[in-house]
Amino acid sequence: MLRRPEGTVPQCDTGRIWPPCQEGSLGSQPKATHFSSRGTPMRLSRYFMPVLRETPAEAQIVSHRYMLRAGMIKQAAAGIYSWLPLGYRVLRNIERIVHEEQQRAGHIPMLMPTLQSADLWKESGRYDAYGPEMLRIKDRQDRDMLYGPTNEEMITDIFRSHVGSYKDLPMTLYHIQWKFRDEMRPRFGVMRGREFLMKDGYNFDLTKEDALHAYNRHLVSYLRSYERMGLQAIPMRADSGPIGGDDTHEFLVLADTGESEVFYDSDITELKFGDRTIDYDSVEQCQAVLEEFTSRYARTDETHDAALFNEVPEARRRVARGIEVGQIFYFGTKYSAAMGATVVDETGAKVPVHMGSHGIGVSRLLGAIIEASHDDKGIIWPEGVTPFHCGIVNLRQGDTEADAACQSLYDALTALGLEPLYDDRDERAGAKFATMDLIGLPWRITVGPRGLKNGVVELTSRRTGDSEELPPAAAIAKIAAIYGAIAA
RNA sequence: CGGGGCGUAGCGCAGCCUGGUAGCGCGACGGUUUUGGGUACCGUAGGUCGUAGGUUCGAAUCCUAUCGCCCCGACCA
């Protein structure tokens with residue numbers, strides 16, 4: 001019903017790869033049906049969502065504050081966090097979108113380890129080049145190990161071990177895995193943690209042209225992914241940094257708390273990917289999207305060119321701040337040549353493959369989304385990533401009619417494959433509203449004796465604050481329609 | 001890694017200067033009262049004051065060391 005139509009996204013592996021166990025898989029929960037990859041509905045009285053009324057002192061920026069206050073994360077050490085149930089749900093939703101969009105683009109999911117042997121890094125030369133950001137560990141045999149900050153070496157090794165012919169190309173492999181970079185100064189909660197969840201993908205192609213198509217394909221899939229998360233992320237020409245490479249774009253979400261200064265032509269913020277369908281195999285179509293989204297001036301401070309920027313009409317010049325949520329690179333044969341990742345081409349010659357790597361900061365995206373979508377009461381989740389589809393607030397817990405009405409709403413929404421969060425605590429209305437506002441569910445159904453007397457409940461948009469009174473069945477239909485439209 | 005700051009109850013803080021054996025608000029728990037935007041009142045539980053040394057009759061308080069965390073900067077998905 002609300003499930004994506006069969007065939008739109010062929011056989012997504014989401015949720016089976018990471019994490020190994022699904023929420024509610026112990027059998028105590030009702031069997032999830034349509035949205036089994038998302039989670040389960042929940043009664044707040046049975047949930048674990050330790051909200052804080054006061055802001056912990058260590059949190060400086062709004063996303064960090066709200067994530068702590070909403071009971072989404074708990075710091076374990078500097079830049080390292082536990083994901084509490086509410087935060088975990090959002091994390092998995094973001095991850096799910098990334099999986100779906102990567103597989104839609106034809107990229108193949110897999111999983112590489114967090115801990116790596118240093119050998120491959122010595123071979124590529126990055127063991128020394130990477131510096132103290134890399135967490136180095138010795139095992140009991142005194143072997144050099146490291147907690148991977150990225151996986152170019154490992155994927156290249158896998159590729160060279162098993163692929164030898166141009167006939168096996170093109171190929172793009174990706175995984176979503178925890179990384180560790182020992183930042184000198186972690187801060188801003190999950191926006192700049194030391195441990196972070198990242199999708200990184202690697203394309204292998206016979207020619208530079210093919211590799212650039214892979215680059216474009218990633219750009220398209222990233223635009224789609226961010227839009228599904230309710231974000232506008234602008235591709236900006238960027239600096240290649242320690243990965244190295246020729247072509248690279250960063251995707252930035254505009255936000256005052258962003259770490260990078262960005263310069264752009266305001267026309268670019270008018271661009272929407274929308275629900276257009278793209279044939280990912282079409283070089284022309286992907287190229288057209290790239291040109292559409294990168295032809296206007298948009299650069300981070302690293303690559304900013306004041307002279308070029310001044311060619312933009314003054315009224316459209318913007319200087320702002322942005323949060324980097326992804327980056328795509330084409331780096332040619334840098335690793336393949338160094339590590340002997342070659343294939344035999346049509347003429348029988350051994351040639352190094354052309355590669356690129358492409359990352360999305362999955363855990364960081366939670367912070368970015370909150371930075372871009374909140375008010376003074378709390379978070380406002382976009383429908384695509386919200387931890388629960390809607391909240392049900394029972395204003396008079398213990399009142400027979402109100403309890404029954406809430407229960408039947410809960411059951412009906414659940415039967416449709418939606419996941420409501422039912423606040424069935426014995427709390428005052430104000431406390432329930434404040435909690436719902438804080439955790440940011442986009443829709444709230446408020447149920448009380450007063451309305452029930454007239455046969456209505458109240459449906460409220462978290463984003464606009466607009467409320468309407470309508471019969472319970474109509475409220476259900478409306479929510480189903482909203483989410484049905486997103487899933488379609 | 002340079003500069004600064006902070007570790008006292010689940011959270012936010014006071015007490016430290018001028019040593020005398022720990023306190024406030026919120027939260028939690030129990031009760032009464034309330035009930036359509038964090039209600040009010042009563043009661044209860046909870047802290048070897050980050051850790052280790054030292055000075056002292058006596059240390060949260062003074063001294064030393066150490067660990068952790070935060071902020072500014074340089075650096076980074």
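All values derive from a computational prediction rather than experimental measurement. Residue numbers begin at 1 in each chain, while the letters A, B, ... track the order of the sequences.
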- request: Could you tell me whether A:R92 sits above the aromatic face of A:Y88, with NZ or CZ closer than 6.0 angstrom to the six-membered ring centre and within 45 degrees of the axis?
  value: yes
query: If you look at every strand shown and take non-hydrogen atoms under 4.0 Å, does A:P449 touch a base, only sugar-phosphate, or nothing?
result: base
- request: Round to the nearest Å and state the distance from A:I80 atom CD1 to B:G68 atom P.
  value: 12 Å
- line: If pairing means Watson-Crick or G-U wobble with both distances under 3.5 Å, then the partner of B:C26 is B:G10
message: Which nucleotide wins on minimum distance to the side chain of A:R192, given the candidates B:G36, B:A77, B:C76?
response: B:C76
message: Does a side-chain N or O of A:Q60 approach OP1 or OP2 of B:C72 to a distance below 4.0 Å, or not?
response: no
query: With a 4.0 Å cut-off, would you call A:E468 and A:K478 a salt bridge?
result: yes
query: When rounded to the nearest Å, what value does the distance between P atoms of B:A65 and B:G5 take?
result: 16 Å
task: Under a 3.5 Å limit for both distances, which nucleotide forms a Watson-Crick or G-U wobble pair with B:U35, could you say?
output: none
- request: With C1' as the reference atom in both, quote the distance from B:U33 to B:U51 in angstrom, rounded to an integer.
  value: 47 Å
query: To the nearest angstrom, how far is A:R187 atom CZ from B:C1 atom C1'?
result: 13 Å
query: Going by atom types only, do A:T446 and A:R444 share a side-chain donor-acceptor pair under 3.5 Å?
result: yes
message: Mind checking if A:G361 touches a base, just sugar-phosphate, or nothing, with heavy atoms under 4.0 Å?
response: nothing
statement: Walking RNA chain B from its 5' end, the first of A:M184 and A:G326 to be reached, judged by nearest nucleotide, is A:M184
- request: Answer whether the closest heavy-atom distance between the side chains of A:Y127 and A:M134 falls below 4.5 Å.
  value: yes
field: Separation of B:C70 P from A:F188 CZ (nearest whole Å)
entry: 12 Å
field: Watson-Crick/G-U partner (both atom distances under 3.5 Å) of B:U51
entry: B:A65
message: Using a 6.0 Å distance limit plus a 45 degree cone around the ring axis, check whether A:R43 lies over the aromatic ring of A:Y410.
response: yes
- request: State the pairing partner of B:U56; accept Watson-Crick or G-U wobble contacts with both distances under 3.5 Å, and report none otherwise.
  value: none
- prompt: Across the strands shown, which category fits A:G131 at heavy-atom distances under 4.0 angstrom: base, sugar-phosphate, nothing?
  reply: nothing
message: Looking at A:F196, I'd like to know if the NZ or CZ of A:K179 sits under 6.0 Å from its six-membered ring centre while staying within 45 degrees of the ring's axis.
response: no
message: By the 4.0 Å heavy-atom rule, please label A:G79 as base, sugar-phosphate, or nothing.
response: nothing
field: Ring centers of A:W121, A:Y130 separated by less than 6.0 Å
entry: yes
- request: Determine the interatomic distance between P on B:G7 and the same-named atom on B:A40; round to the nearest Å.
  value: 30 Å
message: Does A:T55 reach a base, just sugar-phosphate, or nothing at all? Heavy atoms under 4.0 Å.
response: sugar-phosphate
message: Base, sugar-phosphate or nothing for A:D437? Non-hydrogen atoms, less than 4.0 Å.
response: base
query: For A:H107, which of A:H99, A:H175, A:H218 qualifies under ring pair (Phe, Tyr, Trp, His ring centres under 6.0 Å)?
result: A:H218
message: Need one value for A:E54: base, sugar-phosphate or nothing, where a base atom within 4.0 Å counts as base even if backbone is also close, heavy atoms only.
response: base
- prompt: Quick one: is A:R428 getting a side-chain N or O under 4.0 Å of the B:G36 phosphate, OP1 or OP2?
  reply: yes
- line: Walking RNA chain B from its 5' end, the first of A:P56 and A:V190 to be reached, judged by nearest nucleotide, is A:P56
Touch class at under 4.0 angstrom, heavy-atom based, for A:G448 against every strand present: base
statement: Using Watson-Crick geometry (N1-N3 plus N6-O4 or O6-N4) or G-U wobble (N1-O2, O6-N3), each under 3.5 Å, B:C16 is paired with none
field: Residues touching RNA chain B, which here means a heavy atom under 4.0 Å, drawn from residues 461-478 of chain A
entry: none
task: Remember a base hit wins even if backbone is also touched, and classify A:A78 as base, sugar-phosphate or nothing at under 4.0 Å, heavy atoms.
output: sugar-phosphate
message: Please check if the number of heavy atoms outside A:R237 that lie under 6.0 Å from its CZ is greater than 12.
response: no
field: A:D200 CG to B:A77 C1', straight-line distance once rounded to whole Å
entry: 10 Å
task: Using a heavy-atom cut-off of under 4.0 Å over every strand shown, decide if A:R396 touches base, sugar-phosphate, or nothing.
output: sugar-phosphate
- prompt: Looking at A:Y202 versus A:H358, is the centre-to-centre ring distance below 6.0 Å?
  reply: no
- request: Sticking with atom C1', work out how far B:U8 lies from B:C16, rounded to a whole angstrom.
  value: 11 Å
field: Options B:C72, B:C76, B:A77, nucleotide nearest the side-chain atoms of A:R185
entry: B:C72
task: Have a look at A:M198 and say if it touches a base, only the backbone sugar-phosphate, or nothing, with a 4.0 Å heavy-atom cut-off.
output: nothing
- request: Both distances under 3.5 Å, Watson-Crick or G-U wobble: report the partner of B:G73, or none.
  value: B:C1
